[in-house]
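Beneath this line is the structure, given in structure tokens, with notes to follow.
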Amino acid sequence: MNKTYRVTKRHLLTAAAAYGIVPASAQDIPANELALYEAARKEGELTWYSGQLQAETGEAAGKAFTQRYPGIKVNVVRSTSQVAYQRLSQDMQAGVAQCDIFSSTDYGHYNVLKRDKSLLPYRPKSAGELIAAARDQDPDNMFQILYIGLYLLVYNNQKVSAADAPKSWTDLLDPKWKGQIAVGHPGYSGSIGVMGVTLSRMYGWKFFESLEKNKPQVGRSSDDPVTLLNAGERTIGMGVSLSAPLLSQARGNPLSIVYPTDGTLAVYSPTAIPKNAPHPNAAKLFMEFACGPIYAEVMRKFFIMPLRPEVPPPDGAQPFDKIKLIGSSPAQIEDGVPEVKEQWRDTFGV
Amino acid sequence: MRRYLRLPEPATVVWIILIAALLLLIAFPLTKLLLVSLYTRSGTFTFGNYIAAYGRARYVESLVNSLLLASETAAISVVFAAPMAWAISRTNMPGKGLVWGCVFGAFILPPYLGAIGWILLAGPNAGFVNQAWRWLTGAADPLVNVYTFQGLVFVMAFQSFPLIFIFVKSALDLVSSELEDAANILGAGTWTTMWKVTLPMAWPSILGGAIIVFLETVALFGTPALIGIPARINTATTQLWQFFEAPVRVEVAAAYSIPLLLITLALVGAQRLMLHRKGYIAQTGKGGERRPIEFGVGRFVLLAWCLAVGVVSVVMPALVLLEASFARAWGRGPSLANLTIANYRFLIFEHETALSTIWNTLWFSGASATLAALLALLVAYIVSRKLVRFGSVLGFLAMAPFVIPGIVMAIGFYAAFARPPFALYGTAAIIILAFTARFLPIAYASSSAAMGTLHPEMEEAARILGCGRLRTIAQITAPLLKKSLLGGWLVVFIVATRELSAAIFLVGPNTRTMAVLLYDLSEAGNFEVVAALGGILLTITMVLVAIGMKLIGRDFMLRGT
């Protein structure tokens with residue numbers, strides 16, 4: 001009982017700095033998490049290789065974790081997903097165990113890691129309370145979906161009226177958007193690769209050949225169009241992630257988002273515990289936490305879709321049940337993306 | 001005592017270590033690059049990597065694009081810089097301080113920041129220049145479009161002309177007025193003299209400067225990624241980046257960069273050959289007077305040219321970036337209500353990695369500048385005092401990175417040091433070593449020039465009084481060269497703080513530098529913050545430049561050495 005009391009007290013002390021989140025009292029930490037916490041406190045820390053979240057978001061999630069479970073520090077190693085994976089592979093080759101949580105936006109990484117038997121199976125108990133799309137995606141419980149990226153259309157509302165704005169992906173082929181569209185590049189952005197695979201499954205590659213007639217400006221990342229739209233250089237952004245325009249909008253930039261009527265692209269990003277994780281209990285506790293409501297609240301504040309049904313979507317966004325989602329299976333993505341990269345370079349010349 | 005025991009002088013040991021260091025830093029990565037390009041992962045000899053690297057028309061085209069871009073950029077930089085250098089060095093043009101400032105500004109503005117500035121200025125639809133043009137003329141078409149081959153060339157030339165300026169000015173400074181007087185006496189006017197006498201004397205430096213610009217441009221990564229991709233122009237560097245996507249194909253990247261290296265060597269060879277048979281000696285024992293050419297109205301024409309170059313290369317992009325860095329929302333345009341310091345506050349107090357990248361940048365640059373200065377001083381000492389038999393080979397090695405495109409150097413470093421047994425990938429060491437090697441020529445040029453001005457008699461006096469070599473260097477040579485060493489140190493430090501193409505292939509999650517963070521942020525659609533980080537980088541640079549000016553003199557960075 002004494003230990004439980006200490007948790008509560010420290011929590012109240014740090015609560016003021018929390019992200020407006022009600023501090024946890026021992027009573028609302030479930031028994032299974034308390035047991036993990038007991039073991040994790042001896043480990044004292046955990047290291048999170050993350051390619052899913054921006055640095056600020058990752059740090060905020062880490063801080064919220066430490067506030068709920070004092071005494072366990074989270075080292076966020078933020079990079080792009082490819083670099084995070086490269087780092088993990090090098091650690092494994094060199095026989096160094098550093099990473100406790102591995103988050104990438106590339107499903108392919110988990111297929112390889114799973115094949116190599118490099119992952120620790122764990123099904124977070126709290127995962128059962130997530131929305132259906134995020135639940136039990138791996139039959140062997142080797143990884144857990146913690147992030148669903150939504151990619152949609154954005155327009156500059158000073159230059160284009162809501163009535164005029166494109167409503168679907170196919171609306172982008174209208175010649176009136178010639179010289180107006182901006183888009184990322186599958187060679188630089190994994191999600192644009194998934195967009196290529198998905199849209200070409202729906203409409204054939206000829207969709208992109210028709211798009212080329214409108215001379216889109218090709219950048220690198222999926223969020224590149226935001227800069228161009230803010231400056232007024234282009235008016236329509238294609239395949240932009242939900243969070244970037246919402247954040248930019250909150251700053252006062254003249255952007256509006258459109259959920260395409262033929263489907264919003266959803267990219268599912270797993271998170272896993274490596275088999276050789278040096279702090280396995282802290283890692284498991286983190287997985288429980290990441291499937292729980294506090295994590296979902298932090299995501300909401302950073303304009304990322306929370307995966308808990310009871311947590312409302314970020315300001316300016318629609319809840320999952322109001323959105324028509326499209327996407328591709330991990331196998332389709334793994335096979336399709338390399339081909340899409342080649343086709344893209346042939347069609348757009350870059 | 002030691003000498004009685006016939007042990008080698010400690011200095012000898014140092015020379016051996018020095019030679020080993022140069023071999024490790026420069027010869028080893030280049031050799032490794034060549035070897036990696038010729039073998040498969042499993043170790044069998046193959047030309048397959050070359051076929052993979054050049055087997056597609058698109059890949060070859062990228063290289064050709066880079067070569068064309070770099071040649072045009074070099075040519076346009078000469079057009080920008082040569083008249084400026086001549087005006088500053090040889091004429092009575094007014095406002096020289098202002099022009100100096102512009103050249104300086106162009107030198108310290110990192111290339112990718114200038115590129116972002118020009119995207120905002122010359123974007124075909126919303127660029128300020130084009131908005132103004134449409135407002136003034138009512139035209140529908142843009143005046144300038146940054147997303148074109150020519151646009152890319154001009155943006156690159158804005159960033160690289162100071163290199164030519166430095167070379168040409170230092171050459172012109174040495175041409176004595178007597179040569180020009182002779183031409184005048186024989187009836188040539190000011191212009192004829194300039195064309196037939198002064199300019200030809202500066203020819204080697206123009207060519208040398210153009211080659212350096214060519215090499216720098218071929219190696220640029222940020223500008224081609226920011227402007228080239230939207231303009232649908234693939235370059236060698238964006239192509240190399242693709243070979244570095246997971247799974248990393250370093251052997252293909254190595255094969256792709258070998259021809260780039262050969263072209264570079266051919267260029268340097270050609271320059272030697274072209275200048276081989278002519279005499280360019282400007283400095284003789286006969287003194288010779290140097291006085292400015294008197295111009296009437298012409299001097300204002302020259303000033304207008306210099307200022308025009310300054311405005312387009314520095315003032316305009318810097319103003320746009322400054323405005324963006326203080327904007328709440330870039331899309332709302334300039335207004336008082338849109339003004340904020342939140343972007344700076346966010347980076348300094350809230351952004352978790354920005355501070356650590358600033359710190360990384362400072363200490364990586366400081367460590368490489370120190371290492372480079374130390375190596376350069378010792379090599380310059382050996383070469384100028386002829387202490388070992390093949391000393392000039394050391395000098396050659398120290399200068400070699402000058403003609404190796406930075407990105408090729410980075411791939412060589414990756415091939416040599418990233419994997420076991422060194423396993424330096426993601427460590428600070430690999431970046432510091434790469435920066436040291438890459439910028440060693442700058443430090444070496446400044447040390448060796450300074451060494452040339454130092455008569456050995458002072459060292460000999462110390463040696464006669466019983467000092468060892470190392471003590472002589474530490475107590476006599478180094479203090480005498482303090483200013484030049486510090487100058488070289490600062491220049492290396494400043495160019496290292498903005499280096500992107502060498503860093504981008506070598507950074508790990510914990511070793512990102514500001515240049516790399518800027519590049520990453522430029523992809524995240526949060527332009528206001530990118531501009532603010534650029535502002536912080538420029539502030540740091542300017543503080544250092546101010547310190548340098550205070551300690552060493554106003555022209556320390558642009559002194560031709």
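Predicted, not measured: the structure shown is a model, and the values here were computed from it. Letters A, B, ... mirror the listed sequences (proteins, then strands); counts begin at 1.
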Give the intermediate values and the outcome of side-chain contact (heavy atoms from CB on, under 4.5 Å) for residues L226(B) and R220(A). CA-CA 8 Å; L226(B) 285 161; R220(A) 288 164 289 147; 3.3 Å; yes
Under the side-chain contact (heavy atoms from CB on, under 4.5 Å) rule, what do R345(A) and R56(B) come out as? Steps first, then yes or no, please. CA-CA 12 Å; R345(A) 286 178 176 133; R56(B) 274 167 186 265; over 6 Å; no
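Contact annotation for T238(B): both backbone and side-chain heavy atoms come within less than 4.5 Å of a heavy atom of chain A. Looking at F348(A), the atoms closer than 4.5 Å to chain B (heavy atoms on both sides) sit in the backbone and in the side chain alike. In this structure, chain A has no heavy atom under 4.5 Å from any part of N65(B). Looking at L228(A), only its side chain comes within 4.5 Å of chain B, counting heavy atoms on both sides. For P225(A), no part lies under 4.5 angstrom from a heavy atom of chain B. Only the backbone of A327(B) has a heavy atom closer than 4.5 Å to any heavy atom of chain A. Only the side chain of V529(B) comes within contact range of chain A, judged by heavy atoms closer than 4.5 Å. Residue contact with chain B, scored on non-hydrogen atoms closer than 4.5 Å, involves the backbone and the side chain of D346(A) alike.
Of the listed residues (N156(A), V218(A), L229(A)), the one with the most heavy-atom contacts under 4.5 Å to chain B is V218(A). Contacts with chain B were tallied for L255(A), T235(A), N253(A); N253(A) has the most, counting heavy-atom pairs under 4.5 Å.
For P124(B) against E233(A), the heavy-atom pair with the smallest separation is CD-OE2, 2.9 Å. The minimum heavy-atom distance between G219(A) and I229(B), with the atom names listed, is O-CG2, 3.6 Å.
Annotation: ring-ring contact (aromatic ring centres under 6.0 Å, His included) contacts of F417(B) (sequence neighbours excluded): F28(B), F413(B), F422(B).
Note that CZ of R232(B) is 5.5 Å distant from NZ of K215(A), once rounded to the nearest 0.5 Å.
Contacts between residues 125-135 of chain B and chain A, counted as heavy-atom pairs separated by less than 4.5 Å, involve N125(B), A126(B), G127(B).
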